[in-house]
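Computation of the quantities below employed the complete heavy-atom set of this structure, encompassing side-chain atoms and omitting hydrogens, waters and symmetry-equivalent molecules.
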Amino acid sequence: MKKLLYLSVLALVFSVMSCGGPEGEKKATSSAKMSDSDLEKTIKAQLDKDEALKAADINVSANADKNEVTLSGTVQSEDQRAKAVELAKSMQPGITINDKIDVKPGEPRAG
């Protein structure tokens, strides 16, 4: 009886180990990653929902493999800059945002 219990526990341990654990999960997640252009389009679409940010014409450049996005352009206020960064961050978990947005009050808006 003890042998049967021992073998059952051993079989369970080996089956869990053979599933790959966290490494197997990472592989499944990485295969579902967005492309650079998909990530750029997603963030740009989110920014364009805000009229002030849409008028600011913020540029979005993404590196999906590194989970990084660079935002550049010019906005009229620090609040707009902060909102753009927060909206971009909300689009993908753990994303790194390189903020290269200039704040220039009174600049004519693009558009």
Side-chain angles (χ1 to χ4, degrees):
M1 184 71 157
K2 284 184 182 180
K3 271 188 178 179
L4 182 59
L5 180 61
Y6 176 74
L7 290 175
S8 297
V9 170
L10 198 57
L12 178 63
V13 169
F14 281 121
S15 68
V16 169
M17 289 174 56
S18 68
C19 289
E23 291 84 21
E25 291 171 15
K26 286 180 187 175
K27 287 178 188 172
T29 312
S30 65
S31 66
K33 264 189 181 178
M34 287 186 185
S35 69
D36 292 352
S37 64
D38 287 341
L39 186 54
E40 289 168 7
K41 288 175 188 172
T42 300
I43 291 173
K44 185 66 175 163
Q46 187 68 20
L47 296 177
D48 285 349
K49 289 180 182 178
D50 182 282
E51 287 303 315
L53 296 177
K54 183 176 182 175
D57 195 31
I58 296 171
N59 297 311
V60 180
S61 176
N63 183 330
D65 289 336
K66 291 184 177 183
N67 206 23
E68 287 183 353
V69 170
T70 299
L71 301 177
S72 59
T74 303
V75 295
Q76 292 190 346
S77 71
E78 184 62 34
D79 286 343
Q80 288 178 346
R81 185 197 65 76
K83 187 171 187 178
V85 170
E86 285 307 309
L87 286 173
K89 281 183 180 179
S90 72
M91 291 295 91
Q92 182 145 324
I95 198 162
T96 300
I97 305 297
N98 299 312
D99 176 10
K100 296 186 177 185
I101 299 172
D102 292 324
V103 177
K104 294 187 180 176
E107 283 272 323
R109 293 183 181 179

Might you point out which heavy atoms bring E68 and N98 nearest each other, and give the distance in Å?
OE1-ND2, 4.0 Å
Could you measure the distance from the CE atom of M91 to the CD atom of E86? Nearest 0.5 Å is fine.
11.0 Å
What I'd like to find out is whether the side chain of K83 reaches to under 4.5 Å of the side chain of L87, using heavy atoms alone.
yes
As an exercise, state the distance from OG1 of T70 to CG of N59, rounded to the nearest 0.5 Å.
10.5 Å
Contact summary for I101 and D99, nearest pair of heavy atoms:
N-OD1, 3.0 Å
Between CG on residue L47 and CG on residue D50, distance to nearest 0.5 Å
8.0 Å
Work out which heavy atom in S77 is nearest to a heavy atom in V103; give both atom names and the distance.
C-CG1, 3.6 Å
Exam field: side chain E40 to backbone A62, donor-acceptor pair closer than 3.5 Å:
yes
List the atom of L39, the atom of A64, and the distance in Å for their closest heavy-atom pair.
CD2-CA, 4.2 Å
Looking at N67 and G94, would you say the former's side chain and the latter's main chain have a donor-acceptor pair under 3.5 Å?
yes
Taking atom CD of E78 and atom CD of Q80, what is their separation to the nearest 0.5 Å?
10.5 Å
Hey, which of L71, I43, T74, D48 is the one that makes side-chain contact (heavy atoms from CB on, under 4.5 Å) with I58?
L71
Working to the nearest 0.5 angstrom, can you tell me the gap between T96 OG1 and K66 NZ?
10.5 Å
Distance from S35 atom OG to K41 atom NZ, nearest 0.5 Å?
7.0 Å
